[in-house]
Amino acid sequence: MTLDKTETTRVRFAPSPTGYLHLGGARTALYNWLWAKKTGGVFILRIEDTDAERSTAESTEGILHGLRWLGLEWDEGPFYQTANLPKHIEAATKLLESGHAYRCYCTREELDAQRKAAEAQKRAFIYDGRCRKLTEEESPAKLESGIPYVVRFRTPQTSAVAFDDLVYGRIEKQGHDIEDFVIVRSDGRPLYILSNAVDDAHDRITHVIRGADGIANTPKQVLIYNALGITPPTFAHMPLTLDNKKAKLSKRSHGEVVTVAYYEKRGFIPWALCNFMALLGWSSADGREFFTREELIEAFDLTRINRANSIFNYVPGDTKNWTDPKAIHFNSTYLRTIPPAELEPYVREELQSAGLWRESFEGEEKEWFLKTINLIRTRYLTLTDFSERGRCYFSDEFSFDQKAVAKNLKDSNLRTYLPELSDRLEALPDFTAYEIEEVFRTYSEEKGIKAGIIINGSRTAVSGTSVGPGLFEMLEVLGKDRVVKRLRDVTPLIPEAV
RNA sequence: GUCCCCAUCGUCUAGCCUGGCCUAGGACACCGGCCUUUCACGCCGGCGACAGGGGUUCAAAUCCCCUUGGGGACGCCA
């Protein structure tokens with residue numbers, strides 16, 4: 001099989017369904033997707049489920065869900081690697097027949113002992129290839145006797161293998177540094193190293209874009225391609241993302257903060273996460289950081305991928321920066337800058353799950369709804385803020401922050417001011433920010449008090465907090481009825497004069 | 001231990017290939033200030049890095065070597 005230069009680009013994301021979709025995997029998927037889109041190619045999803053012991057259907061579901069949530073739709077698949085088993089076996093047989101592979105009868109026990117011995121001597125363990133030396137009589141005899149065997153690749157010892165990586169450049173490895181690796185287990189099931197290469201060839205993959213931990217496998221796979229008479233794909237390894245202690249990211253040691261599902265749960269806009277991940281190991285030529293999908297596809301380039309590993313700056317226990325602060329920055333920026341119409345579906349979903357959604361927000365109150373989310377979003381970080389910090393806009397059942405009450409409602413005169421303001425506001429023909437401000441300014445002048453007293457008091461009375469949008473716009477959005485009621489109902493929280 | 005890879009502010013990075021425009025630029029975070037009824041936003045300013053040592057050169061963040069540090073791989077896992 002030769003690679004026609006005019007053939008369209010074909011890339012794949014090939015996760016093993018043995019856990020959740022994590023940030024590292026998602027970023028790999030994103031880079032593949034970007035490259036496919038950029039080149040007008042095809043993005044394939046392949047589930048590498050050959051590890052029967054650890055693969056689960058739940059995991060597959062989670063991966064598919066995560067990719068869809070991120071908006072990284074695949075063009076072909078999902079293909080399941082186990083479905084290609086016959087092809088993998090066929091390839092192994094071919095390698096055996098052509099002499100590129102041989103049967104090895106060494107037992108696990110023997111190999112474990114050798115490995116231990118090597119370790120004890122602080123020596124690298126490389127299988128010594130003793131079975132490749134089996135004589136022509138010995139081998140068939142062993143085969144006859146039914147002794148279990150694995151199939152090993154016969155690595156050329158005297159030559160080197162090299163490949164030109166799109167990000168790391170030329171990587172060369174000496175044959176004698178590569179052991180005769182196993183390609184088929186003793187139970188006849190082929191191993192990843194073989195299956196993966198065979199599938200990539202079968203799917204006509206042109207570019208293998210994967211984590212740098214795959215570099216060590218690449219020379220072995222190149223050997224397999226060559227032995228099978230297949231032109232290897234082009235490789236592009238991307239640097240790994242480590243934690244702030246420079247350890248590999250894993251669900252086990254970092255918990256759900258490294259899973260894509262967690263960002264969905266915590267109120268991320270999917271594209272904000274994609275945009276953040278894209279910048280972990282890649283930068284645009286012009287230094288820009290915010291991109292729409294189309295812009296990122298346009299700007300993306302495999303050759304601008306960085307070679308150094310990057311660190312996911314997550315500090316356990318930090319409640320404000322519960323994930324990398326830059327990721328939060330991306331999310332909050334998107335939250336307050338995308339067109340309200342684009343934001344609306346996300347907010348709707350958030351309010352629905354919080355039980356705050358009303359159908360009228362999409363009907364007669366639509367205009368009000370968009371105006372409201374547009375007003376409050378500038379200080380929100382995630383979508384969950386709409387249902388938590390924004391609760392007072394969508395429900396009359398909101399709680400009072402004790403600090404805010406103590407600070408803004410401590411003046412006992414407010415027991416008089418607030419109801420009086422309420423009366424004046426109720427009499428307003430047009431409940432607009434401008435008219436409302438007039439009421440407040442006039443009132444403070446009449447009483448000879450600082451406007452801040454009634455402004456801050458009112459803020460806490462209607463929202464329960466000491467922070468939020470400009471008061472007058474806020475009251476306008478809240479509407480006359482609610483404002484009038486809340487200003488009166490808050491009286492019990494204000495201390496009586498002594 | 002062996003092999004492979006990497007090394008610029010706390011973090012993400014630009015610059016490195018094709019040495020001089022780099023008293024090293026941007027972003028996040030942090031700290032000041034302005035704006036202001038609060039909190040944000042916004043704007044202005046500050047803090048802050050070429051791992052170390054040798055070369056090569058008129059000139060090195062950029063090229064070469066060594067050291068150190070870090071990561072990855074070393075499975076009948078993927």
Side-chain angles (χ1 to χ4, degrees), chain A residues 14-18 48-51 53-55 81 104 106-108 111-112 115 118-119 121-126 148-152 165 168-169 171-174 176-179 181-187 189 191-193 195-196 211-219 237 239-240 242 244 246-248 276 279-290 306-315 321 324-330 332-333 336-337 376-381 404 407-408 437 440 444 450-460 465-472:
Chain A
S16 63
T18 55
E48 304 213 322
D49 57 347
T50 52
D51 184 347
E53 289 82 35
R54 296 193 301 152
S55 296
Q81 189 158 55
C104 168
C106 296
T107 65
R108 280 178 209 258
L111 293 171
D112 284 347
R115 210 186 317 274
E119 235 166 73
Q121 293 171 47
K122 295 204 168 235
R123 196 162 48 75
F125 172 71
I126 285 189
Y149 62 87
V150 298
V151 178
R152 285 184 186 272
D165 193 278
Y168 285 93
I171 293 180
E172 196 177 66
K173 199 151 174 169
Q174 297 305 315
H176 55 78
D177 286 327
I178 306 171
E179 74 169 352
F181 52 96
V182 178
I183 55 175
V184 182
R185 296 175 173 95
S186 54
D187 63 4
R189 286 151 61 210
L191 253 9
Y192 160 83
I193 195 89
S195 306
N196 179 258
D213 46 354
I215 290 179
N217 278 327
T218 310
H237 287 90
L240 266 17
L242 312 172
N244 53 14
K246 301 200 170 168
K248 224 174 150 180
F276 166 73
L279 260 22
L280 237 39
W282 173 85
S283 61
S284 74
D286 62 6
R288 201 149 52 111
E289 297 200 318
F290 280 88
N306 206 175
R307 279 180 286 273
N309 292 339
S310 57
I311 290 171
F312 175 62
N313 195 15
Y314 145 77
V315 181
N321 291 316
D324 192 313
K326 195 150 184 173
I328 295 177
H329 169 251
F330 271 93
S332 61
T333 301
R336 66 167 186 271
T337 55
I376 63 183
R377 66 173 172 163
T378 55
R379 57 221 85 206
Y380 289 174
L381 303 177
K407 185 180 163 208
N408 291 338
E437 178 159 10
F440 273 78
S444 73
K450 284 203 288 186
I453 298 285
I454 50 175
I455 289 174
N456 291 327
S458 298
R459 172 187 305 289
T460 301
T465 73
S466 59
V467 301
L471 181 76
F472 312 119

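Remember, it's a predicted structure, so these values are computed and weren't measured experimentally.
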Using purine N1 to pyrimidine N3 plus N6-O4 or O6-N4 for Watson-Crick, or N1-O2 and O6-N3 for G-U wobble, each under 3.5 Å, what pairs with [N]?
{"N": "B/rC63", "result": "B/rG55"}
{"N": "B/rC28", "result": "B/rG10"}
{"N": "B/rG19", "result": "none"}
{"N": "B/rU2", "result": "B/rA73"}
{"N": "B/rG48", "result": "none"}
{"N": "B/rU36", "result": "none"}

Give [X] one of three labels, base, sugar-phosphate or nothing, depending on what nucleic acid heavy atoms sit under 4.0 Å from its own.
{"X": "A/G211", "answer": "nothing"}
{"X": "A/F472", "answer": "base"}
{"X": "A/G468", "answer": "base"}
{"X": "A/R115", "answer": "sugar-phosphate"}
{"X": "A/P148", "answer": "nothing"}
{"X": "A/I454", "answer": "nothing"}

When the [atom1] atoms of [N] and [M] are considered, how many whole Å apart are they?
{"N": "B/rC30", "M": "B/rG48", "atom1": "C1'", "result": "10 Å"}
{"N": "B/rA40", "M": "B/rC21", "atom1": "P", "result": "41 Å"}
{"N": "B/rU67", "M": "B/rC28", "atom1": "P", "result": "40 Å"}
{"N": "B/rC63", "M": "B/rG71", "atom1": "C1'", "result": "25 Å"}
{"N": "B/rU23", "M": "B/rC31", "atom1": "C1'", "result": "24 Å"}
{"N": "B/rC76", "M": "B/rA14", "atom1": "C1'", "result": "47 Å"}
{"N": "B/rU11", "M": "B/rA29", "atom1": "P", "result": "16 Å"}
{"N": "B/rA27", "M": "B/rC64", "atom1": "P", "result": "32 Å"}

Let's see if you can work this out: which of [options] has an atom nearest to the side-chain heavy atoms of [X]?
{"X": "A/Y168", "options": "B/rC5, B/rC76, B/rA7", "result": "B/rC5"}
{"X": "A/E289", "options": "B/rG26, B/rA78, B/rG42", "result": "B/rG26"}
{"X": "A/K326", "options": "B/rA27, B/rC77, B/rU37", "result": "B/rA27"}
{"X": "A/D51", "options": "B/rG75, B/rU38, B/rC77", "result": "B/rC77"}
{"X": "A/V182", "options": "B/rA78, B/rG10, B/rC76", "result": "B/rC76"}
{"X": "A/L191", "options": "B/rC77, B/rC4, B/rU38", "result": "B/rC77"}
{"X": "A/I171", "options": "B/rU37, B/rU11, B/rC4", "result": "B/rC4"}
{"X": "A/R108", "options": "B/rC76, B/rU37, B/rA7", "result": "B/rC76"}
{"X": "A/S310", "options": "B/rG70, B/rC12, B/rA78", "result": "B/rC12"}
{"X": "A/F125", "options": "B/rC41, B/rA73, B/rG75", "result": "B/rG75"}

Could you state the [atom1]-[atom2] distance from [X] to [N], rounded to the nearest angstrom?
{"X": "A/N306", "N": "B/rA27", "atom1": "CG", "atom2": "P", "result": "19 Å"}
{"X": "A/N217", "N": "B/rC77", "atom1": "CG", "atom2": "P", "result": "13 Å"}
{"X": "A/L279", "N": "B/rA27", "atom1": "CG", "atom2": "C1'", "result": "9 Å"}
{"X": "A/D177", "N": "B/rA73", "atom1": "CG", "atom2": "P", "result": "17 Å"}
{"X": "A/I311", "N": "B/rA7", "atom1": "CD1", "atom2": "C1'", "result": "11 Å"}
{"X": "A/H237", "N": "B/rA78", "atom1": "NE2", "atom2": "P", "result": "17 Å"}
{"X": "A/D165", "N": "B/rC5", "atom1": "CG", "atom2": "C1'", "result": "10 Å"}
{"X": "A/I183", "N": "B/rC76", "atom1": "CD1", "atom2": "C1'", "result": "12 Å"}

[N] OP1/OP2 closer than 4.0 Å to side-chain N/O of [X]:
{"X": "A/R307", "N": "B/rC16", "result": "no"}
{"X": "A/R459", "N": "B/rU37", "result": "no"}
{"X": "A/S283", "N": "B/rA14", "result": "yes"}
{"X": "A/T50", "N": "B/rA78", "result": "yes"}
{"X": "A/K248", "N": "B/rA73", "result": "yes"}

Can you tell me how far apart [atom1] ([X]) and [atom2] ([Y]) are? Round to the nearest 0.5 Å.
{"X": "A/R115", "Y": "A/R108", "atom1": "CZ", "atom2": "CZ", "answer": "10.0 Å"}
{"X": "A/L242", "Y": "A/N313", "atom1": "CG", "atom2": "CG", "answer": "12.5 Å"}
{"X": "A/R152", "Y": "A/C106", "atom1": "CZ", "atom2": "SG", "answer": "6.5 Å"}
{"X": "A/I328", "Y": "A/T333", "atom1": "CD1", "atom2": "OG1", "answer": "11.5 Å"}
{"X": "A/H176", "Y": "A/I126", "atom1": "NE2", "atom2": "CD1", "answer": "9.0 Å"}

Contacts of A/W282 and A/A451 projected onto RNA chain B by closest heavy atom; the upstream (5') one is A/W282
Per nearest nucleotide of RNA chain B, the residue lying toward the 5' end, A/E437 or A/V184, is A/E437
Those residues at least two apart in sequence (or on a different chain) that pass side-chain hydrogen bond (donor to acceptor under 3.5 Å, both in side chains) with A/R377 are A/N374
Margin query: Tell me if the side-chain of A/S186 makes a donor-acceptor pair with the base of B/rC76, cut-off 3.5 Å, by modelled atom types.
Written below: yes
Any N/O donor-acceptor pair, A/R379 side-chain to B/rC39 base, under 3.5 Å: yes
The side chain to side chain contact (heavy atoms under 4.5 Å, CB included) partners of A/A308 (sequence neighbours excluded) come to none
Side chain to side chain contact (heavy atoms under 4.5 Å, CB included) test vs A/V182 passes for just one of A/L111, A/V151, A/L191, namely A/L191
I'd like to know if A/R189 and A/D187 make a salt bridge, using a cut-off of under 4.0 Å between side-chain N and carboxylate O. yes
Check your understanding: Does A/N456 reach the main-chain N or O of A/G452 with its side chain, forming a donor-acceptor pair under 3.5 Å?
Key -> yes
